[in-house]
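Below: the structure, in C-alpha coordinates.
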Amino acid sequence: MKDRIKKVRERVNLYIEVTDLISVSRRYFIIGFFDGVLTVLGLIIGSHISGEISARLIITAGVATALALGISSSWGAYEAERIEQKIMKDQKERALLVNSRESSIDRAHRFAAYVSSIIHGISPIIGAILPISPYAFLPLDEAFVASLTIGFASLFILGAFMGKMAGYNIFVSGFRMFLAGVLTALIVIFLSPIHFI
(Lines give C-alpha, C1' and ligand atoms only; values in the text may rest on other atoms or scores of the structure.)
Protein backbone atom coordinates (compact mmCIF):
# COMPACT_ATOMS: atom_id res chain seq x y z
CA MET A 1 0.00 0.00 0.00
CA LYS A 2 2.84 2.41 0.88
CA ASP A 3 4.51 1.71 -2.47
CA ARG A 4 1.28 2.39 -4.32
CA ILE A 5 0.75 5.70 -2.50
CA LYS A 6 4.35 6.65 -3.22
CA LYS A 7 3.89 5.90 -6.94
CA VAL A 8 0.69 7.97 -7.09
CA ARG A 9 2.42 10.85 -5.34
CA GLU A 10 5.36 10.66 -7.74
CA ARG A 11 3.00 10.60 -10.72
CA VAL A 12 1.04 13.60 -9.42
CA ASN A 13 4.29 15.52 -8.80
CA LEU A 14 5.39 14.72 -12.36
CA TYR A 15 2.03 15.92 -13.74
CA ILE A 16 2.32 19.13 -11.73
CA GLU A 17 5.83 19.77 -13.03
CA VAL A 18 5.05 18.93 -16.67
CA THR A 19 1.97 21.19 -16.81
CA ASP A 20 3.04 24.10 -14.54
CA LEU A 21 -0.13 23.31 -12.59
CA ILE A 22 0.84 25.28 -9.46
CA SER A 23 1.02 28.63 -11.24
CA VAL A 24 -2.12 27.97 -13.33
CA SER A 25 -4.10 26.92 -10.25
CA ARG A 26 -2.82 29.89 -8.23
CA ARG A 27 -4.05 32.27 -10.95
CA TYR A 28 -7.45 30.56 -11.06
CA PHE A 29 -7.75 30.65 -7.27
CA ILE A 30 -6.96 34.38 -7.14
CA ILE A 31 -9.36 35.24 -9.97
CA GLY A 32 -12.16 33.08 -8.55
CA PHE A 33 -11.75 34.30 -4.96
CA PHE A 34 -11.70 37.92 -6.13
CA ASP A 35 -14.86 37.37 -8.20
CA GLY A 36 -16.62 35.66 -5.29
CA VAL A 37 -15.90 38.45 -2.79
CA LEU A 38 -16.79 41.31 -5.16
CA THR A 39 -19.93 39.67 -6.53
CA VAL A 40 -21.37 38.97 -3.08
CA LEU A 41 -20.37 42.39 -1.74
CA GLY A 42 -22.31 43.88 -4.64
CA LEU A 43 -25.31 41.69 -3.80
CA ILE A 44 -25.15 42.62 -0.10
CA ILE A 45 -24.79 46.36 -0.73
CA GLY A 46 -27.57 46.29 -3.34
CA SER A 47 -29.86 44.43 -0.95
CA HIS A 48 -29.31 46.96 1.83
CA ILE A 49 -29.86 49.89 -0.54
CA SER A 50 -33.16 48.41 -1.67
CA GLY A 51 -34.50 48.53 1.88
CA GLU A 52 -36.01 45.05 1.46
CA ILE A 53 -33.45 43.20 3.49
CA SER A 54 -33.35 40.16 5.74
CA ALA A 55 -30.64 37.80 6.87
CA ARG A 56 -32.54 34.97 5.19
CA LEU A 57 -32.57 36.84 1.87
CA ILE A 58 -28.83 37.62 2.03
CA ILE A 59 -27.88 34.06 2.98
CA THR A 60 -30.17 32.43 0.43
CA ALA A 61 -29.34 34.77 -2.46
CA GLY A 62 -25.67 34.89 -1.47
CA VAL A 63 -25.24 31.12 -1.35
CA ALA A 64 -27.17 30.69 -4.61
CA THR A 65 -24.97 33.34 -6.23
CA ALA A 66 -21.82 31.69 -4.86
CA LEU A 67 -22.85 28.28 -6.19
CA ALA A 68 -23.80 29.68 -9.60
CA LEU A 69 -20.51 31.56 -9.77
CA GLY A 70 -18.60 28.44 -8.74
CA ILE A 71 -20.30 26.27 -11.36
CA SER A 72 -19.83 28.91 -14.05
CA SER A 73 -16.16 29.41 -13.14
CA SER A 74 -15.45 25.70 -13.01
CA TRP A 75 -17.18 24.94 -16.29
CA GLY A 76 -15.59 27.88 -18.10
CA ALA A 77 -12.15 27.06 -16.71
CA TYR A 78 -12.49 23.41 -17.74
CA GLU A 79 -13.44 24.30 -21.30
CA ALA A 80 -10.60 26.85 -21.56
CA GLU A 81 -8.03 24.59 -19.88
CA ARG A 82 -9.05 21.56 -21.94
CA ILE A 83 -8.08 23.48 -25.07
CA GLU A 84 -4.96 25.13 -23.60
CA GLN A 85 -3.69 21.88 -22.10
CA LYS A 86 -4.26 20.07 -25.42
CA ILE A 87 -2.26 22.73 -27.25
CA MET A 88 0.61 22.40 -24.76
CA LYS A 89 0.42 18.60 -24.92
CA ASP A 90 0.53 18.61 -28.73
CA GLN A 91 3.55 20.93 -28.69
CA LYS A 92 5.41 18.68 -26.25
CA GLU A 93 4.53 15.53 -28.18
CA ARG A 94 5.74 17.10 -31.44
CA ALA A 95 9.00 18.17 -29.78
CA LEU A 96 9.51 14.68 -28.33
CA LEU A 97 8.27 12.89 -31.50
CA VAL A 98 5.59 11.12 -29.45
CA ASN A 99 1.96 10.75 -30.45
CA SER A 100 -0.05 8.63 -28.10
CA ARG A 101 -3.48 9.31 -26.65
CA GLU A 102 -2.53 7.47 -23.46
CA SER A 103 0.97 8.88 -23.00
CA SER A 104 2.11 10.31 -19.67
CA ILE A 105 2.06 13.72 -21.29
CA ASP A 106 -1.59 13.28 -22.29
CA ARG A 107 -2.57 12.09 -18.80
CA ALA A 108 -0.66 14.97 -17.18
CA HIS A 109 -2.49 17.60 -19.23
CA ARG A 110 -5.91 16.04 -18.67
CA PHE A 111 -5.16 15.94 -14.93
CA ALA A 112 -4.17 19.63 -15.02
CA ALA A 113 -7.41 20.61 -16.78
CA TYR A 114 -9.51 18.81 -14.12
CA VAL A 115 -7.59 20.14 -11.12
CA SER A 116 -7.41 23.75 -12.30
CA SER A 117 -11.13 23.82 -13.14
CA ILE A 118 -12.03 22.41 -9.71
CA ILE A 119 -9.88 25.08 -8.02
CA HIS A 120 -11.48 27.81 -10.13
CA GLY A 121 -14.91 26.49 -9.15
CA ILE A 122 -14.22 26.29 -5.41
CA SER A 123 -12.40 29.61 -4.99
CA PRO A 124 -15.35 31.96 -5.73
CA ILE A 125 -17.52 29.96 -3.33
CA ILE A 126 -14.95 30.45 -0.56
CA GLY A 127 -14.61 34.14 -1.45
CA ALA A 128 -18.39 34.61 -1.42
CA ILE A 129 -19.12 32.71 1.81
CA LEU A 130 -16.79 34.89 3.89
CA PRO A 131 -18.84 38.12 3.54
CA ILE A 132 -22.14 36.22 3.82
CA SER A 133 -21.24 34.48 7.10
CA PRO A 134 -21.97 37.40 9.53
CA TYR A 135 -25.64 37.27 8.51
CA ALA A 136 -25.92 33.83 10.11
CA PHE A 137 -25.31 35.13 13.64
CA LEU A 138 -25.43 38.96 13.83
CA PRO A 139 -28.25 41.51 13.63
CA LEU A 140 -28.63 43.09 10.17
CA ASP A 141 -26.79 46.38 10.79
CA GLU A 142 -23.90 44.69 12.57
CA ALA A 143 -23.79 41.94 9.94
CA PHE A 144 -23.56 44.58 7.20
CA VAL A 145 -20.56 46.28 8.83
CA ALA A 146 -18.91 42.90 9.56
CA SER A 147 -19.57 41.73 6.01
CA LEU A 148 -17.96 44.80 4.45
CA THR A 149 -15.03 44.55 6.87
CA ILE A 150 -14.49 40.85 6.07
CA GLY A 151 -14.87 41.45 2.33
CA PHE A 152 -12.46 44.39 2.17
CA ALA A 153 -9.98 42.68 4.52
CA SER A 154 -10.11 39.52 2.37
CA LEU A 155 -9.31 41.56 -0.72
CA PHE A 156 -6.44 43.32 1.05
CA ILE A 157 -4.99 40.00 2.26
CA LEU A 158 -5.34 38.49 -1.22
CA GLY A 159 -3.54 41.47 -2.75
CA ALA A 160 -0.80 41.37 -0.10
CA PHE A 161 -0.33 37.64 -0.72
CA MET A 162 -0.02 38.24 -4.46
CA GLY A 163 2.42 41.09 -3.85
CA LYS A 164 4.57 38.98 -1.57
CA MET A 165 4.76 36.17 -4.12
CA ALA A 166 5.79 38.59 -6.88
CA GLY A 167 8.25 40.51 -4.70
CA TYR A 168 6.17 43.70 -4.75
CA ASN A 169 5.33 45.90 -1.78
CA ILE A 170 2.66 43.93 0.10
CA PHE A 171 0.88 47.05 1.39
CA VAL A 172 0.62 48.62 -2.07
CA SER A 173 -0.55 45.31 -3.57
CA GLY A 174 -3.06 44.82 -0.76
CA PHE A 175 -4.34 48.37 -1.14
CA ARG A 176 -4.87 47.89 -4.89
CA MET A 177 -7.20 44.94 -4.22
CA PHE A 178 -8.89 46.80 -1.35
CA LEU A 179 -9.47 49.71 -3.73
CA ALA A 180 -11.24 47.35 -6.15
CA GLY A 181 -13.70 46.53 -3.37
CA VAL A 182 -14.27 50.18 -2.50
CA LEU A 183 -14.80 51.13 -6.16
CA THR A 184 -17.23 48.25 -6.59
CA ALA A 185 -19.18 49.42 -3.53
CA LEU A 186 -19.33 53.01 -4.82
CA ILE A 187 -20.43 51.95 -8.31
CA VAL A 188 -23.14 49.70 -6.87
CA ILE A 189 -24.35 52.52 -4.61
CA PHE A 190 -24.41 55.23 -7.29
CA LEU A 191 -25.75 53.12 -10.17
CA SER A 192 -28.35 51.26 -8.12
CA PRO A 193 -31.75 51.28 -9.85
CA ILE A 194 -33.32 52.35 -6.55
CA HIS A 195 -32.30 55.94 -7.41
CA PHE A 196 -34.33 55.85 -10.63
CA ILE A 197 -37.37 53.78 -9.66
Side-chain angles (χ1 to χ4, degrees), residues 24-81 115-166 168-197:
V24 171
S25 296
R26 183 172 52 238
R27 280 194 301 271
Y28 275 135
F29 182 84
I30 289 166
I31 293 166
F33 187 89
F34 182 79
D35 287 349
V37 171
L38 283 185
T39 301
V40 166
L41 282 179
L43 180 141
I44 289 169
I45 292 167
S47 297
H48 277 272
I49 290 172
S50 77
E52 314 236 349
I53 184 75
S54 71
R56 184 175 180 169
L57 172 68
I58 291 287
I59 292 168
T60 304
V63 170
T65 300
L67 291 173
L69 192 54
I71 292 165
S72 169
S73 297
S74 184
W75 201 297
Y78 177 73
E79 292 302 325
E81 277 305 301
V115 170
S116 57
S117 64
I118 289 168
I119 288 170
H120 196 38
I122 291 172
S123 60
I125 295 171
I126 296 168
I129 294 299
L130 291 174
I132 295 169
S133 59
Y135 288 91
F137 54 88
L138 291 175
L140 282 176
D141 290 339
E142 292 176 29
F144 182 64
V145 172
S147 177
L148 292 181
T149 303
I150 289 168
F152 292 152
S154 297
L155 292 172
F156 182 87
I157 291 166
L158 181 66
F161 170 75
M162 289 167 45
K164 181 173 180 167
M165 294 200 66
Y168 293 140
N169 182 304
I170 61 171
F171 295 106
V172 171
S173 297
F175 182 73
R176 287 169 56 100
M177 293 294 264
F178 170 82
L179 190 58
V182 172
L183 288 174
T184 299
L186 291 174
I187 290 168
V188 168
I189 290 166
F190 289 118
L191 296 183
S192 173
I194 199 75
H195 303 306
F196 313 108
I197 297 174

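Position 1 is the first residue of the sequence; numbering continues from there.
Within the model, atoms CZ of Phe190 and CD1 of Ile49 stand 9.5 Å from one another, a figure rounded to the nearest 0.5 Å. Once rounded to the nearest 0.5 Å, the distance linking CD1 of Ile59 with CD1 of Ile129 reads 9.5 Å. Taking CZ from Arg176 and CG from Leu158, the interatomic distance works out to 12.5 Å, rounded to the nearest 0.5 Å. For the atom pair Phe161 CZ and Phe29 CZ, the distance stands at 8.0 Å (nearest 0.5 Å). The CD1 atom of Ile45 sits 5.5 Å away from atom CZ of Phe144, with the distance rounded to the nearest 0.5 Å. Note: Leu38 CG to Phe33 CZ = 10.0 Å, rounded to the nearest 0.5 Å.
The main-chain N or O of Ile132 is never found under 3.5 Å from a side-chain atom of Ser147 such that the two would form a donor-acceptor pair. With Ser74 contributing its side chain and Ile71 its backbone, the two residues share no donor-acceptor pair below 3.5 Å. The main-chain N or O of Ile119 is found under 3.5 Å from a side-chain atom of Ser123 such that the two form a donor-acceptor pair. Formation of a donor-acceptor pair under 3.5 Å by the Ser47 side chain with backbone atoms of Leu43 is found in this model.
Counting heavy atoms from C-beta on, the side chains of Arg27 and Val24 come closer than 4.5 Å. A 4.5 Å side-chain heavy-atom check between Thr39 and Thr65 finds at least one atom pair inside the cut-off. Looking only at side-chain heavy atoms (C-beta outward), Ile125 and Leu67 come within less than 4.5 Å of each other. Side-chain atoms of Ile44 and Ile53, non-hydrogen and from C-beta on, never get closer than 4.5 Å to each other.
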(request) Take Leu41 and Leu148 through the test side-chain contact (heavy atoms from CB on, under 4.5 Å) and record every step on the way to the result. (result) CA-CA 7 Å; Leu41 282 179; Leu148 292 181; 4.0 Å; yes

(request) Please lay out, stage by stage, how Tyr28 and Ser73 fare under the test side-chain contact (heavy atoms from CB on, under 4.5 Å). (result) CA-CA 9 Å; Tyr28 275 135; Ser73 297; over 6 Å; no

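Residues Ala77 and His120 come closest through the heavy atom pair CB-CD2, 3.5 Å. The minimum heavy-atom distance linking Gly159 with Ser173 is given by the pair O-CB, 3.1 Å. Nearest approach of Leu140 to Ala55, heavy atoms of both residues: CD2-N, 3.5 Å. Closest approach of Ile150 and Ser133 over heavy atoms only: CD1-OG, 4.5 Å. Of all heavy-atom pairs spanning Val40 and Gly62, the tightest one is CG2-O, 4.2 Å. Closest approach of Leu155 and Met177 over heavy atoms only: O-CB, 3.0 Å.
Residues passing the side chain to side chain donor-acceptor pair (under 3.5 Å) test with Glu79, sequence neighbours excluded: Arg82. When the side chain to side chain contact (heavy atoms under 4.5 Å, CB included) test is applied to Phe175, the partners found at least two apart in sequence or on another chain are Phe178, Leu179.
The environment of Arg26 atom CZ is dense: over 12 non-hydrogen atoms of other residues, nucleotides or ligands sit within 6.0 angstrom.
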